[in-house]
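Worksheet for the structure shown next.
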2 protein chains.
Amino acid sequence: MPDLSIDVVAKAAGVHRSTVSRAFSRPEAVKSETREHILRIAEGLGYTMSPLAQALRRKTSTFVPLIVPDITNPFFAELAKTMTQAADERGYQLLLCVTNGDPAKTEGYFTAMQAMYAPFGIVAPSTKVDTDALKRFDFGHRVVVIDRVEGDSSVPTVTVDSRRGIVLALEHLRSLGHTSIGYVSGISGTHTAQDRMDAYLELSAEGSSTPLVLDSGSDPDAGARAAKHFLEMDNPPTAIIAANDMVAFAVISALGQSGIRVPEDVSVMGFDGLALGARFNPPLTTVRQPIADMGNIAIELAEKQNLNGSVDHVVLEPELLVRASTSGPRK
Amino acid sequence: MPDLSIDVVAKAAGVHRSTVSRAFSRPEAVKSETREHILRIAEGLGYTMSPLAQALRRKTSTFVPLIVPDITNPFFAELAKTMTQAADERGYQLLLCVTNGDPAKTEGYFTAMQAMYAPFGIVAPSTKVDTDALKRFDFGHRVVVIDRVEGDSSVPTVTVDSRRGIVLALEHLRSLGHTSIGYVSGISGTHTAQDRMDAYLELSAEGSSTPLVLDSGSDPDAGARAAKHFLEMDNPPTAIIAANDMVAFAVISALGQSGIRVPEDVSVMGFDGLALGARFNPPLTTVRQPIADMGNIAIELAEKQNLNGSVDHVVLEPELLVRASTSGPRK
DNA sequence: GCTAAGTCTGAGATCGATTGCTGAGATCGG
DNA sequence: CCGATCTCAGCAATCGATCTCAGACTTAGC
């Protein structure tokens, strides 16, 4: 394969380099005959422009980083999947960047992406993002965050309404007849995690039942600890809300290990709406986040900010997804 | 942030551009005093080299594509995770490319990666890879495949020993007392999927029990169909081997929906060893693939092939992982 | 038919690096 | 003390595109 540069095509088409360039990136600036001729020749040669050279010269590329803490977490995987497509449709190429929760890595990606002339980026954090720290980076001025952010600041964000989600969960459980409803966090760090917990605490109290947090850790063992705690209680709740689907899985698994059945002995709900939940045992009742929408909107917000500096905060509506892990309380 | 080019650093350090370049990429070619001086200045300015310009000029980059069909599948997610790190450690930057099973996308990535001057790539296919089709692409000569390929050809591969894995599963189940062991494929397309199924068919017959394939589809509903089939049988098997963990999850879930208990009523095993399996209900007994090793070795093979054209085929040993989804057959 | 206003295309500098070549000093043996 | 050998740094071409400028040709208006 001889190296295919723009000059090769130019020679083959009998025109100047610049004309070929225009034929591709500014079609209206070149006579349509010439353009079609060039395109035909290029096609025949199997030529495509070098994104590298292009980015270098233009000082802007179509690479859009999506920074996530852990791709092994299905929530982020689903986000990545839908965002890949959303990016594609708009002519961008999503670059997945995994931090493993290490803030230093995030910063590394920032400078790398700056160097790649990425027009903007999307960050799905694992901690409360520090807006000021963000803004210390050049690239930090061009990201949108998938989480709430301290004091509605100058960074565009997309989130779903945590409180509304908890309301949905609580209503569902109460309509089933539950009055004693526990909570296990299993995540922390992000504002979203905090918001869900706060909403539970507050709304649970309103409902005249005492809030009951089985575990508030954020490690993978939270589910097991919550189950242990549950077993040790004299008067355990008849239903449990988990802060996200993964934790719900862990709770159900741990409970199952001790012979507790879901939903016969206790109802368990998740929060996320992972596809995986439909194939859990039992299929998980949960509060669905519109992940695909989040991805699309994140990119839109990024484009908007890039265009006219506007900083929007979009809050999406969650949705109740009833499957089989909840039922009426045991008599 | 003024644009930080190599010339800026050169000026600041009072040397020529080329000297700065050497200070970074060919340390031995510049007097150590000078070099340290330059490095210090660069550090102070917060300068990093443009990977774009570098790749353009050198005609080789450090981008390594990992092409997977679906990042939402935890197997590929885990692969991506470990490979990201493996790549990092060797100075590469992994670029995750998701095809959604569309071969056209794979080809698109090939030419894109060619244009990015990627030194090589890793492909985790969802279909039997056609070596000839691969070789039609320039970039196809520099990939390693995570699957077996037709006729031990000229493409390096990494796989785990499918037959051995099935042996492990069968031995485990038989030692528990099972004699009637079913199989559900749920995947197909890859040679690995084929190999597992073939191994089951063959070894199962040897064990003097008749092979019993509950479902051989490859869609997400295979689990449900297998469960349906199971329920309709007069004499259902007492144990089921699923071709991978995800299918095992689906089978257990579907069975559970019909009131069949695992492992009390029927034992179910998976194949993969996903981290998720430990938190399933019940925790999944499975055959573990050394995913991290696969990632590391894939990159090693790629480097080797790139260096001296050697084409190796590495076959890794799977390992039995006993958890709670298997037990003795019901009396 | 002649000038003014468009259309198109070509020239050449430029983006941020790398690298073969050349030459200035330093080192060294005799 | 002199030429030969080494080191080390500068020069300038190059990678594959983009884009401003300016010139060549059309087209239009009167």
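All figures in this text were calculated on a predicted structure; none of them were measured in a lab.
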Original post:
Hey, which of B:Leu95, B:Thr84, B:Ile122 is the one that makes side chain to side chain contact (heavy atoms under 4.5 Å, CB included) with B:Val64?
Top reply: B:Ile122
Subject >> For B:Ile67, the option from B:Val143, B:Thr99, B:Val145 that meets side chain to side chain contact (heavy atoms under 4.5 Å, CB included) >> reply: B:Thr99
**OP:** Taking the side chain as every heavy atom from C-beta outward, state whether B:Leu94 and B:Asp88 have any atom pair closer than 4.5 Å.
**Re:** no
Original post:
Heavy-atom distance under 4.5 Å between the side chains of B:Gln114 and B:Phe137, does that happen here?
Top reply: no
How close or far is atom [atom2] of [N] from atom [atom1] of [X], stated in whole angstroms?
X	N	atom1	atom2	value
A:Arg35	C:dT7	CZ	P	16 Å
B:Leu52	D:dA17	CG	C1'	11 Å
B:Leu56	C:dT19	CG	P	12 Å
A:Arg58	D:dA17	CZ	C1'	9 Å
B:Ile38	C:dA17	CD1	P	13 Å
A:Gln54	D:dC19	CD	P	9 Å
A:Glu33	D:dC25	CD	P	17 Å
A:Leu45	D:dG16	CG	P	14 Å

[N] phosphate, OP1 or OP2: any side-chain N/O from [X] under 4.0 angstrom?
X	N	answer
A:Tyr47	D:dA17	yes
B:Ser25	C:dA17	no
A:Lys59	C:dG16	yes

**OP:** Quick one: list whatever passes salt bridge (Lys or Arg N to Asp or Glu O under 4.0 Å) with B:Lys81, sequence neighbours left out.
**Re:** A:Asp70
Subject >> End axis versus end axis in the helix from C:dG1-D:dC30 to C:dG30-D:dC1, the angle rounded to 10°, five pairs used at each terminus >> reply: 40°
Original post:
Is there a residue in residues 7-17 of chain A whose heavy atoms reach under 4.0 Å of DNA chain D, and which residues are they?
Top reply: A:Arg17
Would you tabulate the pairs of protein nitrogen or oxygen atoms and nucleotide nitrogen or oxygen atoms of nucleotides 20-23 of chain C closer than 3.5 angstrom?
residue, atom, partner, partner atom, Å
C:dG20, O6, B:Arg22, NH2, 2.8

Please determine, for the side chain of [X], which listed nucleotide ([options]) has the closest atom?
X	options	value
A:Ser21	D:dT18, C:dG16, D:dC15	D:dT18
B:Thr34	C:dT14, D:dA9, C:dA17	D:dA9
A:Lys31	D:dA9, C:dA17, C:dC8	C:dC8

**OP:** Enumerate the residue pairs fulfilling salt bridge (Lys or Arg N to Asp or Glu O under 4.0 Å) with a member in residues 297-314 of chain B, sequence neighbours excluded, ordered by first and then second residue.
**Re:** B:Arg90-B:Glu300, B:Arg90-B:Glu303, B:Lys304-B:Asp312
**OP:** Write down the atom of A:Pro125, the atom of A:Thr190, and the distance for their closest heavy-atom approach.
**Re:** O-CG2, 3.4 Å
Subject >> Centroid-centroid distance, B:Phe120 to B:Tyr92, less than 6.0 Å >> reply: yes
For the pair [X] (side chain) and [Y] (backbone), establish whether a donor and an acceptor sit closer than 3.5 Å, ignoring hydrogens and angles.
X	Y	result
B:Asp147	B:His191	yes
B:Asp272	B:Leu274	no
A:His16	A:Ala10	no

**OP:** Remember a base hit wins even if backbone is also touched, and classify A:Phe24 as base, sugar-phosphate or nothing at under 4.0 Å, heavy atoms.
**Re:** nothing
Original post:
Checking all strands, does A:Ala29 fall into the base, sugar-phosphate, or nothing category for heavy-atom contacts under 4.0 angstrom?
Top reply: base
**OP:** Just jot down the ring pair (Phe, Tyr, Trp, His ring centres under 6.0 Å) partners of A:Phe75, sequence neighbours excluded, or say none.
**Re:** none
